[in-house]
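First the structure, in the form of structure tokens, and then the observations on it.
Computed from a prediction, not measured in an experiment: that's the story for all the values here. Below, chain A is the first sequence line, B the second, and so on; all start at residue 1.
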Amino acid sequence: MTLCFTVDGNDFLRAGEASAVVKRTLKQLGLESSLVRKIAIAMYEAEMNMVLHANGGNIKVTLSDTYLTIQMMDTGPGIKDIDLAMQEGYSTANQKIRELGFGAGMGLPNMKRYSDELKIKTVVGVGTEVLLGFKL
Amino acid sequence: MQLCKVQEILEAKVWTGTEKLEKEVYSACGCDLMSDVLAFAKEKIVLLTGLINLQVIRTAEMLDIKAIVFVRGKEPTSDMIDLAKERGIVLLSTGVPLYPACGLLYEAGLRG
């Protein structure tokens, strides 16, 4: 099964809708609730990053019998230093993002914490591709 | 602790989920940073926050958080109430600030 979403970068209010749809779909398919929770948190963090830092993007969710892959592509500014971005507490978020309750520097660490696989390809000025994988 | 007990202790107004106040929560999390909530929150908790925007409801939805208490007199907006109703999340609000609100619940037996 494959699900595709386009995430609008200018609509903070709607951010997280794709993750909510994926969460509900996985629940309906009967996946264990703790696993669904992990997937939802990791995807939501990635979706929020797309909206807050990269002006939106595209998401493709692919589900097989044993593995779930979430591929997220944006044409945002890219990540200058991935090692630094992976550190808990490091953030490039501006004041506006922090006022919204984000930008604590936990996004990428959370994605790593809750997934079985995290791959990031990024080119500064071109965009970022994030791949999240989960064993089912 | 039952949600009706949380409501009683914090003298909270109920915005959504009146029919769910008999449900139990086993822990609480007091936080205005949703990123930290996503990192550390357990299941079946009540979230106490002073942050008002739609992402508070979304965060609760992702984490299976069943109830949110808005502290220090903050009130949810109509779009937050609509989404919470749709997702079955109980919304409460209290005039008590975050720190004493957490303290009151802790003192009554709801541990972190």
- request: Please flag which part of B:T59 lies under 4.5 Å from any non-hydrogen atom of chain A: side chain, backbone, both or neither.
  value: both
- prompt: Which atoms of A:L100 come close to chain B, meaning under 4.5 Å heavy atom to heavy atom: side chain ones, backbone ones, both, or neither?
  reply: both
statement: Here the gap from B:R58 atom CZ to A:L13 atom CG, rounded to the nearest 0.5 Å, amounts to 10.0 Å
query: Hey, which of A:G16, A:G107, A:G101 has the most heavy atom pairs under 4.5 Å with chain B?
result: A:G101
statement: Taken to the nearest 0.5 Å, the spacing of B:N53 CG from A:E99 CD works out to 11.0 Å
- prompt: Is there any residue in residues 78-87 of chain B with a non-hydrogen atom under 4.5 Å from a non-hydrogen atom of chain A, and which ones are they?
  reply: B:D79, B:R87
query: When only pairs under 4.5 Å are counted, which of B:V37, B:L51, B:I52, B:L63 shares the most heavy-atom pairs with chain A?
result: B:L63
task: Using non-hydrogen atoms and a 4.5 Å limit, figure out which bit of A:E17 sits close to chain B: side chain, backbone, both or neither.
output: both
field: Ionic contact status for A:R24 with B:E61, cut-off 4.0 Å
entry: yes
- request: Report yes if some heavy atom in the side chain of A:M106 is under 4.5 Å from a heavy atom in the side chain of B:D36; otherwise report no.
  value: yes
- request: Taking all non-hydrogen atoms of both residues into account, name the closest pair between B:E43 and A:R37 and its distance.
  value: CG-NE, 3.2 Å
- prompt: Are any of the side-chain nitrogens in B:D64 or A:K27 under 4.0 Å away from the carboxylate oxygens of its partner?
  reply: yes
A:R113, part contacting chain B, at a heavy-atom distance under 4.5 Å: side chain
field: B:L33 to A:A104 - nearest heavy-atom pair and separation
entry: CD1-CB, 3.7 Å
message: Nearest 0.5 angstrom please: B:S35 OG to A:E45 CD, how far?
response: 5.5 Å
query: What part of A:Y44 is in contact with chain B, defined as an atom under 4.5 angstrom from a non-hydrogen atom: side chain, backbone, both or neither?
result: side chain
Shortest non-hydrogen contact between B:Q55 and A:A15, atoms and distance: NE2-O, 3.0 Å
query: In terms of heavy-atom proximity below 4.5 Å to chain B, should A:Y114 be classed as side chain, backbone, both, or neither?
result: side chain
- request: Select one option (side chain, backbone, both, neither) describing which atoms of B:L38 are under 4.5 Å from chain A's heavy atoms.
  value: both
- prompt: Using non-hydrogen atoms only, which part of A:M43 is less than 4.5 Å away from chain B: side chain, backbone, both, or neither?
  reply: neither
